[in-house]
Asks: 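Dumping the structure here so I can ask a few things about it.
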Amino acid sequence: MVHELTRNTIIKNYFLNKNGLYQILVLLTAFCLALVAFRILYTGEWMFAFLIWNLFLAYLPYSLSSYIAREERHMSKPFLILLLITWLLLIPNSFYIITDLFHLRKQDVIPLWYDLALIMSFAWNGLIVGVLSVRQVEKILQQRWHVYEWLFILPLMYLNALGIFIGRYLRFNSWDVITNPVALIKDVVYLVIHPIRNRFDWCMIICFTVLLSIFYLTLKKMSKMNENEKGTQ
């Protein structure tokens, strides 16, 4: 009886009493984990288990921006800037996960559609929390410093695209800024000073800058349309 009451209290406090968006994220994450768990049990392979780690990294900037949005009124300006810089280093992880579609291959042990659904569920999860996190920071910057939308979105999405390239092709992680800065700077400088030699790399970065900007602005406008529809009801 006590265990049942405790379980019901946990479900009520951490799921039922939350807003609809939070509930969707919980269900989406549970769906992602269930797909990976079933694949491991069915095939005996751990091939896509790394997606769980990637999803964890994708949630870090969202968790940080949620904390900032909740507490920023009580923060000193230097501390807020420090947290925003940390967030800036982490946010590419949310969008990076969409490139895990590169791992999609036809397998004999399981249908291709299953792996497609698995990877896309993780990619969509990462994209959603990335967009939510960017929106939270955009609101903070607009309220504090009246930052214009495009002066925030385009540079940020460029940095996200650059971060995706650095992670996917140069194989650096966010923490390499601290643990391996020399090698990271060296590779980025090479990328910058040889734009012609690295033209396909820059094409990828520009393409993803535009793509991520479109993703963000589309979801943002859809959210505003939904709010307007609710207001007219």
Asks: Which residues pass the ring pair (Phe, Tyr, Trp, His ring centres under 6.0 Å) test with Phe50, not counting sequence neighbours?
Replies: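 Listed in chain order: His103.
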Asks: Side chains of Met204 and Phe200: does their closest heavy-atom pair fall under 4.5 Å?
Replies: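 Not touching, per the 4.5 Å side-chain cut-off.
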Asks: Nearest 0.5 angstrom please: Phe208 CZ to Leu162 CG, how far?
Replies: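 If I round to the nearest 0.5 Å, the distance is 13.0 Å.
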Asks: Would you kindly confirm whether Met222 and Tyr216 end up in one hydrophobic cluster when ILVMFWY residues are joined by side chain heavy atoms under 4.5 Å apart?
Replies: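 Same cluster: Met222 reaches Tyr216 through Ile, Leu, Val, Met, Phe, Trp or Tyr contacts under 4.5 Å.
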Asks: Just how far is it from atom CG of Leu170 to atom CG of Asp187, taken to the nearest 0.5 Å?
Replies: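 Rounded to the nearest 0.5 Å, the CG-CG separation comes to 5.0 Å.
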Asks: Within a strict 4.5 Å, meaning less than it, do heavy atoms of the Val137 and Leu88 side chains meet?
Replies: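 Counting from C-beta outward, Val137 and Leu88 never come under 4.5 Å.
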Asks: Would a hydrophobic clustering, with Ile, Leu, Val, Met, Phe, Trp and Tyr connected at side-chain separations under 4.5 Å, put Met157 with Val210?
Replies: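 No, separate clusters.
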Asks: Does Ile166 belong to the same Ile/Leu/Val/Met/Phe/Trp/Tyr cluster as Ile193, with side-chain heavy atoms less than 4.5 Å apart forming each link?
Replies: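 No, Ile166 and Ile193 fall in different hydrophobic clusters.
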Asks: According to a 4.5 Å side-chain heavy-atom criterion applied to Ile, Leu, Val, Met, Phe, Trp and Tyr, with indirect links allowed, do Trp124 and Tyr59 form part of one hydrophobic cluster?
Replies: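 Yes, Trp124 connects to Tyr59 through the hydrophobic network.
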Asks: Taking the side chain as everything from C-beta on, heavy atoms only, tell me whether Asn173 gets closer than 4.5 Å to Asn93.
Replies: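 No. Closest side-chain heavy atoms not under 4.5 Å.
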Asks: Measure across Ile178 and Pro181 and return the closest heavy-atom pair with its distance rounded to 0.1 Å.
Replies: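 Residues Ile178 and Pro181, closest heavy atoms: O-CD, 3.5 Å.
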Asks: Linking I/L/V/M/F/W/Y whenever any side-chain heavy atoms sit under 4.5 Å apart, do Trp175 and Leu90 land together?
Replies: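 Yes: a chain of side-chain contacts under 4.5 Å links Trp175 to Leu90.
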Asks: I want to check something: taking the side chain as every heavy atom from C-beta on, are Ser66 and Tyr62 in contact at a cut-off of under 4.5 Å?
Replies: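 A side-chain contact under 4.5 Å exists here.
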Asks: Between the main-chain N or O of Thr209 and the side-chain N or O of Ser213, is there a donor-acceptor pair closer than 3.5 Å?
Replies: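 Yes, Ser213 side chain to Thr209 backbone: donor-acceptor pair under 3.5 Å.
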Asks: More than 12 heavy atoms of other residues, nucleotides or ligands under 6.0 Å from CE of Met47: is that the case?
Replies: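 Atom CE in Met47 is packed in, count exceeds 12.
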Asks: Determine the minimum heavy-atom distance between Pro92 and Ile164, stating which atoms define it.
Replies: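 Smallest interatomic distance, heavy atoms only, reads O-CG1, 4.2 Å.
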Asks: Are the side chains of Asp100 and Phe48 in touch, meaning some heavy atoms are under 4.5 Å apart?
Replies: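 No, every pair of side-chain atoms sits at 4.5 Å or beyond.
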Asks: Quick check against the 3.5 Å criterion: does Arg171 have a side-chain atom that pairs as donor or acceptor with the backbone of Gly167?
Replies: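 Yes; judged by distance alone, with no hydrogens or angles, the pair exists.
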Asks: Drop me the distance from Phe122's CZ to Leu127's CG, to the nearest 0.5 angstrom.
Replies: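 CG of Leu127 is found 15.0 Å from CZ of Phe122.
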Asks: Evaluate whether atom CH2 of Trp113 has more than 12 neighbouring non-hydrogen atoms of other residues, nucleotides or ligands under 6.0 angstrom away.
Replies: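 Counting other residues, nucleotides and ligands, CH2 of Trp113 stays at 12 neighbours or fewer.
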Asks: Considering non-hydrogen atoms only, spot the tightest contact between Ser94 and Val129 and give its length.
Replies: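 Nearest pair, atom of Ser94 first, then Val129: OG-CG2, 4.3 Å.
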Asks: Please give me the minimum heavy-atom distance between Ser121 and Leu35, naming the atom from each residue.
Replies: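 Minimum heavy-atom contact is OG-CD1, 3.6 Å.
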Asks: Taking only residues two or more places apart in sequence or in another chain, which ones pass ring pair (Phe, Tyr, Trp, His ring centres under 6.0 Å) with Tyr114?
Replies: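 For Tyr114, the residues satisfying ring pair (Phe, Tyr, Trp, His ring centres under 6.0 Å) (neighbours in sequence not counted) are Phe38.
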Asks: Can you see which heavy atom on Asn125 is nearest to which on Leu25, and at what distance?
Replies: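 So the two residues come closest at OD1-CD2, 4.3 Å.
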Asks: Partners of Phe215 by ring pair (Phe, Tyr, Trp, His ring centres under 6.0 Å), sequence neighbours excluded?
Replies: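 Ring pair (Phe, Tyr, Trp, His ring centres under 6.0 Å) list for Phe215, sorted by chain: empty.
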Asks: Sequence neighbours excluded, which residues qualify as side-chain contact (heavy atoms from CB on, under 4.5 Å) partners of Val177?
Replies: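 Scan of Val177 (side-chain contact (heavy atoms from CB on, under 4.5 Å), adjacent residues dropped) gives Leu89, Leu184.
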Asks: State the CG-CD1 distance between Asn180 and Ile185, to the nearest 0.5 angstrom.
Replies: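 If we round to the nearest 0.5 Å, Asn180:CG and Ile185:CD1 are 9.5 Å apart.
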Asks: Restricting to side-chain contact (heavy atoms from CB on, under 4.5 Å), what partner residues turn up for Leu33, sequence neighbours left out?
Replies: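 With neighbours one apart ignored, the set is Thr29, Ile52.
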Asks: Does the side chain of Leu57 come within less than 4.5 Å of Tyr96's, by heavy atoms?
Replies: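 Side-chain contact under 4.5 Å: no.
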Asks: Main chain of Leu112, side chain of Asp115: is a donor-acceptor contact present, judged purely on distance under 3.5 Å?
Replies: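 No, the answer is negative, given that no donor and acceptor are paired below the 3.5 Å cut-off.
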Asks: Could you point out which residue of Arg135, Lys139, Lys220 forms a salt bridge (Lys or Arg N to Asp or Glu O under 4.0 Å) with Glu149?
Replies: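 So, applying the salt bridge (Lys or Arg N to Asp or Glu O under 4.0 Å) to Glu149 and each of Arg135, Lys139, Lys220, only Lys220 qualifies.
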Asks: I'd like to know if the side chain of Arg144 and the backbone of Glu72 have a donor-acceptor N/O pair within less than 3.5 Å.
Replies: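 Judged by distance alone, yes, a pair lies under 3.5 Å.
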Asks: Does Ser133 use its side chain to pair, donor to acceptor, with the backbone of Pro61 at less than 3.5 Å?
Replies: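 Yes, Ser133 side chain to Pro61 backbone: donor-acceptor pair under 3.5 Å.
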Asks: What are the two closest non-hydrogen atoms of Trp150 and Pro155, and how far apart are they?
Replies: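 Closest approach of Trp150 to Pro155: O-CD, 3.5 Å.
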Asks: Please assess Ile128 against Ile24 for the test side-chain contact (heavy atoms from CB on, under 4.5 Å), listing each intermediate value before the final yes or no.
Replies: CA-CA 11 Å; Ile128 290 298; Ile24 290 174; over 6 Å; no
Asks: Mind checking the CG-SG spacing from Leu118 to Cys32? Nearest 0.5 Å is all I need.
Replies: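 Here the interatomic distance stands at 7.5 Å.
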Asks: My understanding is that only residues two or more places apart in sequence, or in another chain, count here; which of them pass side-chain contact (heavy atoms from CB on, under 4.5 Å) with Asn198?
Replies: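 Per chain and number, Asn198 pairs via side-chain contact (heavy atoms from CB on, under 4.5 Å) with Tyr190, Leu191, His194, Asp201, Trp202.
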Asks: Any heavy-atom pair between the side chains of Ile91 and Val134 that's under 4.5 Å?
Replies: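 They are in side-chain contact.
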Asks: Side chain of Arg73, backbone of Arg70: donor and acceptor closer than 3.5 Å?
Replies: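 No.
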Asks: In Å, rounded to the nearest 0.5 Å, how long is the span from CG of Leu60 to CG of Leu55?
Replies: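 One finds 10.0 Å between CG of Leu60 and CG of Leu55.
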